[in-house]
Amino acid sequence: MAEEAEVEMETAAGAVPVPFQLQLDKSIPFQINIAEWNPEKDLLAMVTEDSKVVLHRFNWQRLWMISPGKCITSLCWRPDGKVIALGLEDGSILLHDVENGKLLKSIKSHSVAVICLNWEEEAHIVKGEIDSAFVYEDRTRRFFPPAPRVPRMPGLNAGDAGFMDDLEDTFHELSTSPRQHFNMLSSGDKDGCICFSIFGIFPIGKINIHKLSLCAPFLDKTATFQLLNASIHQLALSKDLSQLVVLSFGELEENLVKPKGKNVQKDEEYAEVQKFSHTGDSSVGLHCLLLNTSIFLDRKNELQQVAQQASSIEDLVEVVRASLSVMSKQWSEAMHSFHEKFDPLSSLIVSHGLDSNPQDEFLSVLFGARTSPPLHQFLVNSLGEAGLKRVCKAVDTAGKELHSVIHEHLQPAVEIIGFRIAELRGLSRWRARYHIIGLDEKLIDSVTEKAGMLLVHVERFLRILAIVLYQFQNFFNWVLRYIKILMSEPIDQIQPANSELIVVFLKFLLDHDPIGELLEVNKIIEVDVDTMQRIEQLVMFGGYSDTNYLEKTLSDEFNQLEQCLKEAFLLQFTTISQKIHCEDLMPLYKVGYTPEVSSSDAPTSIFYYKGDHGATSEVCTGGDSRVDYICFKVPDESLELTNCIGIIRGFANGLDPVQKRVTSPEAILLCIPDAFQCIDLSLYKENQIVLLLNEATSTSESTMRSLVMMVQISDFCFLPLSRRTPANLWTLQILKASAVDMHLEIGKVRYISEPVTSPLAVSASRGLACVFTSRRHAMVYILDEDEDETSDID
């Protein structure tokens with residue numbers, strides 16, 4: 001093979017094994033924009049240039065391909081590898097099942113393109129803490145059967161839009177299982193907004209970095225900054241969920257704040273700051289922010305309980321909404337059939353010149369009068385026995401469908417909502433633990449009452465529905481009996497009708513639709529004065545305060561419950577959002593313009609390594625020490641040096657929790673050989689970095705080579721960065737003088753006989769790397785195994 005010929009040129013004859021075993025080399029019919037390995041399985045998810053998602057096994061067997069119909073801008077896996085999240089250009093986040101690509105849930109968290117996603121799970125509990133670990137039991141399963149599904153819309157089959165099948169129920173079980181580790185989905189968009197969702201399905205917080213006060217130390221004072229026109233480039237939540245590292249492109253604007261209680265020297269110190277502020281240099285570039293998200297760590301037990309209840313309530317609210325929609329559609333179609341057959345009677349009365357109406361005509365016949373010509377023509381010619389039976393069947397079928405939807409979907413959903421809200425009500429009274437996360441007792445009490453009232457409205461609707469259906473059946477029997485009399489046919493098989501109920505029907509139901517009114521929105525139901533007075537008298541017994549609930553429709557009561565739920569959950573959302581703040585800021589490098597930088601233009605990688613690996617400090621998560629590494633390619637226009645890579649470690653570990661002191665991050669600037677150009681990079685396990693390089697000196701693509709290189713970054717000498725450096729001084733300007741040349745001999749190198757393109761997909765858990773070439777080939781390498789030079793590669 002051509003690749004083997006290249007390898008032989010680079011290795012000693014038959015003596016040195018080739019780094020990285022090539023597992024497969026496959027031709028692919030499309031260009032790949034995004035690629036991510038599953039963290040738990042040998043599965044590779046790829047996003048094509050036309051925004052299709054393809055899932056392949058390690059042996060390149062395709063499992064499925066889906067197309068959301070919109071541009072995909074980001075992708076990540078849930079930590080257990082069972083769900084994949086897709087960020088879209090319109091701000092939506094789609095969650096798909098790994099088994100077959102089925103859409104599980106769609107969340108609209110952003111209003112613009114979702115640039116990056118990060119799904120992190122809390123660090124596993126160490127053995128010594130297992131007895132004190134928090135385990136939350138969802139008691140709903142003790143008292144209720146499995147939650148109802150969204151009902152099927154008329155005319156749709158399983159799997160069609162509007163119908164939730166068993167797969168969604170399975171996802172619901174996976175998302176809110178009490179045995180699942182607490183996890184958080186973080187998403188960033190191109191307008192600088194970052195959203196947080198517990199289990200990926202329950203939004204719990206949102207911040208905009210444009211509105212954050214970014215603080216950084218400067219001498220003995222504090223300088224505050226603001227990022228303008230910033231977009232989120234990459235996110236990484238720490239393993240204990242207490243810190244979020246954010247890489248953002250934007251323009252840094254500075255304000256100097258005078259410390260309280262101090263007389264500020266104004267000349268030299270301020271002049272130094274002003275020197276950096278007004279040198280005319282661009283303040284646009286890549287900035288690294290450290291956000292404090294310790295609320296997720298400190299209150300993860302409380303957040304988990306609330307999220308499990310609230311996400312289930314939101315799912316059940318969708319069941320109620322869909323049930324009401326189905327019921328309204330079914331009943332309106334039945335009433336349309338009824339009026340389509342019976343409304344022509346009014347036209348016949350007018351055409352015969354009678355001063356009457358359908359009610360009077362039916363009542364006159366009921367009380368023994370002769371049948372008028374228009375009524376006779378209507379019953380015998382227009383309606384007829386066949387037409388009446390069709391109308392009767394339509395109303396009867398609609399009634400059965402409504403009963404089915406209520407008993408199988410609506411009523412169970414409302415009952416479980418009431419129980420889950422009662423659980424939240426109990427939690428809200430534990431103010432010491434739950435008030436801090438925004439679970440307000442008064443708001444939950446209001447939601448509790450609305451849930452109870454909604455259940456009362458469901459019972460009321462069932463009684464009215466039963467009465468109305470019986471009234472229709474009685475009226476249809478009477479009309480059918482009279483048609484047979486007019487046609488001189490036997491009536492022995494038809495049960496006699498109740499005359500009093502027919503009068504009630506003609507007066508209240510022929511031209512009125514109480515069932516339809518209860519399903520309408522913004523409709524006031526008339527209630528007599530005596531009933532309202534009795535309702536007001538019952539308030540003294542407690543349980544509710546809304547004395548006008550009988551005047552509301554079922555749909556209006558549901559809308560009020562939904563509004564109360566939004567208010568209660570919004571307070572939590574706002575409370576958590578306000579507790580997330582910026583702890584540190586580090587400008588990395590500048591750019592001379594304000595582009596929308598893509599990941600291919602500025603490849604970055606963030607990784608948390610176990611152990612200190614020579615770093616100054618580390619994050620302790622349940623006995624598991626970790627240190628953050630941030631790696632990025634530096635644009636050539638940012639420095640006088642070209643073709644450089646920057647690596648920073650310990651940025652998120654500024655406070656030593658043991659010695660209670662502030663420590664400094666460390667950094668290094670690596671210069672890639674001039675003969676090659678960095679296409680992509682990825683931090684790897686055991687303190688390593690994997691680089692994807694193209695030959696820069698080749699005259700044509702046909703002769704261009706490329707390589708995959710793995711370097712042990714702990715072998716380099718990192719330089720400490722002072723935290724007293726002005727924040728508007730670019731970090732890489734400090735490192736430029738001490739840049740280190742990186743030679744190919746210091747790492748493992750695998751040559752490839754054709755040019756490569758981004759992305760580089762590396763799996764630290766599986767030890768794999770997938771490389772894509774410009775000639776549309778996908779090459780999978782095993783990073784931890786070397787290949788014999790003489791091996792036969794297919």
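Not measured: the values here are computed from a predicted model.
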(message) The criterion is side-chain hydrogen bond (donor to acceptor under 3.5 Å, both in side chains); which residues satisfy it with T553, sequence neighbours excluded?
(response) D556
(message) I'd like to check L303 versus I576 (side-chain heavy atoms, cut-off strictly below 4.5 Å). Are they in contact?
(response) yes
(request) For E520, enumerate each residue passing the salt bridge (charged side-chain N to carboxylate O under 4.0 Å, His left out) test, keeping only those at least two apart in sequence or located in another chain. (result) none
(message) I'd like to know whether N477 forms a side chain to side chain donor-acceptor pair (under 3.5 Å) with N474, so could you lay out the CA-CA distance, the side-chain angles of the two residues, the decisive distance to 0.1 Å, and finally the verdict.
(response) CA-CA 5 Å; N477 282 341; N474 184 71; 5.7 Å; no
(request) Answer whether the closest heavy-atom distance between the side chains of I416 and R420 falls below 4.5 Å. (result) yes
(request) Decide, yes or no, whether a salt bridge links D530 with R534 under the criterion of side-chain N to carboxylate O below 4.0 Å. (result) no
(message) Assess the residue pair W478 and N498 against the criterion (side chain to side chain donor-acceptor pair (under 3.5 Å)); give the C-alpha distance rounded to whole Å, side-chain angles, the decisive distance to 0.1 Å, and a yes or no.
(response) CA-CA 8 Å; W478 176 72; N498 187 319; over 6 Å; no
(message) Between R463 and E459, does any NZ, NE, NH1 or NH2 come within less than 4.0 Å of an OD or OE carboxylate oxygen?
(response) no
(request) Could you tell me the separation between the CG atom of L88 and the CD1 atom of I93, rounded to the nearest 0.5 Å? (result) 8.5 Å
(request) Measure from the side-chain N and O atoms of H409 to the backbone N and O of V405, and report whether any donor-acceptor pair falls under 3.5 Å. (result) no
(message) Test of understanding: with side-chain hydrogen bond (donor to acceptor under 3.5 Å, both in side chains), list the residues that count as partners of S92, not counting sequence neighbours.
(response) D90
(request) Kindly say whether E551 contributes a backbone atom to a donor-acceptor pair with the side chain of N548 at under 3.5 angstrom? (result) no
(message) What's the separation between atom OH in Y434 and atom CD in Q572, rounded to the nearest 0.5 Å?
(response) 10.5 Å
(message) Going by the rule side-chain hydrogen bond (donor to acceptor under 3.5 Å, both in side chains), which residues pair with T48 if we only count those two or more places apart in sequence or in a different chain?
(response) D50
(request) Tell me whether the centres of the aromatic rings in F573 and F569 are closer together than 6.0 Å. (result) no
(message) With rounding to the nearest 0.5 angstrom, report the CD to CG distance, Q411 to L454.
(response) 10.5 Å
(message) Looking at every non-hydrogen atom in both residues, tell me the closest pair between L104 and H96 and how far apart they are.
(response) CD1-C, 3.7 Å
(request) For the residue pair F378 and F362, categorise the inter-ring angle as parallel (less than 30°), tilted (30 to 60°) or perpendicular (more than 60°). (result) perpendicular
(request) Kindly write out the residues that satisfy salt bridge (charged side-chain N to carboxylate O under 4.0 Å, His left out) with E89, not counting sequence neighbours, or none if the list is empty. (result) none
(message) Could you check whether any side-chain N or O of D97 sits under 3.5 Å from a backbone N or O of G101, counting only pairs where one atom can act as donor and the other as acceptor?
(response) no
(request) Using side-chain hydrogen bond (donor to acceptor under 3.5 Å, both in side chains) as the criterion, list what pairs up with K566, not counting sequence neighbours. (result) none
(request) Assess whether side chain to side chain donor-acceptor pair (under 3.5 Å) is satisfied between Q305 and E423, documenting all intermediate values. (result) CA-CA 10 Å; Q305 292 181 71; E423 293 280 271; over 6 Å; no
